[in-house]
Novice: 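Before I ask anything, let me first share the structure, which is written out below as structure tokens.
Hydrogens, waters and symmetry mates play no part in the numbers below; they use all other heavy atoms, side chains included.
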Amino acid sequence: MREIILKAVANPPKILWGPFLPTLLNLGIQFPIMFMFLGTFNVNPLAFMISIVIGHVVCIVVGIKEPHISAMIQAYGQTAKTSYNLYKAKGNKFAP
């Protein structure tokens, strides 16, 4: 059982050699924009395919430098919430 946990921590999930979350964000943003431009302006989709590949290469490079970027993005999303102070004080206080 210990080997499974170490393997999951040491090898974060990847999609085509890129980190999971940045790769999904790249595809999730660029595909809808591509289809909107195809429907409204009748643009050649090859330009968008090139930009998707360039974005994926950037995701791969970021994943090589920081393999746990997906976990860092998720942790930031959970901790970036603003807290409300129960008593008047300067700055954010996390303890009541």
Novice: Measure the NE2-CG distance between His68 and Asn11 for me, rounded to the nearest 0.5 Å.
Specialist: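 One gets 8.5 Å once the value is rounded to the nearest 0.5 Å.
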
Novice: Is it possible for you to say whether Val57 and Ile69 belong to one hydrophobic cluster, with membership spreading through side-chain heavy-atom contacts below 4.5 Å?
Specialist: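 Result: no, two separate clusters.
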
Novice: Please answer: with hydrophobic residues joined when any side-chain heavy atoms are less than 4.5 Å apart, are Ile60 and Val58 in the same cluster?
Specialist: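 Ile60 does not cluster with Val58.
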
Novice: Considering residues at least two apart in sequence or located in another chain, which fulfil the side chain to side chain contact (heavy atoms under 4.5 Å, CB included) criterion with Ile29?
Specialist: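 Expected list: Ile33.
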
Novice: In the single-linkage hydrophobic clustering (I, L, V, M, F, W, Y; side-chain heavy atoms under 4.5 Å), do Ile52 and Val43 co-cluster?
Specialist: yes

Novice: Evaluate the ring planes of Phe35 and Phe31, with Trp represented by its six-membered ring, and classify them as parallel (under 30°), tilted (30 to 60°) or perpendicular (over 60°).
Specialist: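 Phe35 and Phe31: parallel rings.
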
Novice: Could you pull out the closest heavy-atom pair between Cys59 and Pro19, with the gap in Å?
Specialist: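 For Cys59 versus Pro19, the nearest heavy atoms are O-CD, 3.1 Å.
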
Novice: Apart from Leu46 itself, which Ile, Leu, Val, Met, Phe, Trp or Tyr residues share its cluster (side-chain heavy atoms under 4.5 Å, direct or through members)?
Specialist: Ile50, Ile54

Novice: Nearest 0.5 Å please: distance from the NE2 atom of His56 over to the CG atom of Leu27.
Specialist: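 With rounding to 0.5 Å, NE2 (His56) is 7.5 Å from CG (Leu27).
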
Novice: Taking side chain to side chain contact (heavy atoms under 4.5 Å, CB included) as the test, write out the residues that go with Pro67, two or more places apart.
Specialist: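 Pro67: side chain to side chain contact (heavy atoms under 4.5 Å, CB included) contacts with Pro12.
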
Novice: Taking transitive links into account, so neighbours of neighbours count too, which hydrophobic residues share a cluster with Tyr76 at under 4.5 Å side-chain distance?
Specialist: none

Novice: How far does CG of Leu38 sit from CE of Met36, to the nearest 0.5 angstrom?
Specialist: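 Answer for the CG-CE pair, Leu38 versus Met36, is 10.5 Å.
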
Novice: Pro13 versus Ser70: any side-chain heavy-atom pair under 4.5 Å?
Specialist: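 A side-chain contact under 4.5 Å is absent here.
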
Novice: With rounding to the nearest 0.5 Å, note down the distance linking CZ in Phe20 to CD1 in Ile73.
Specialist: 12.0 Å

Novice: My understanding is that only residues two or more places apart in sequence, or in another chain, count here; which of them pass side chain to side chain contact (heavy atoms under 4.5 Å, CB included) with Gln74?
Specialist: Leu21

Novice: For residues Phe37 and Met49: do they belong to one hydrophobic cluster (side chain heavy atoms under 4.5 Å, members Ile, Leu, Val, Met, Phe, Trp, Tyr)?
Specialist: yes

Novice: Could you tell me whether Phe48 atom CZ has more than 12 heavy atoms of other residues or ligands within 6.0 Å of it?
Specialist: yes

Novice: Not counting sequence neighbours, list each pair that qualifies as a side-chain hydrogen bond (donor to acceptor under 3.5 Å, both in side chains) and has a residue in residues 18-44.
Specialist: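 side-chain hydrogen bond (donor to acceptor under 3.5 Å, both in side chains) check on residues 18-44 returns Asn26-Gln30, Gln30-Ser51.
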
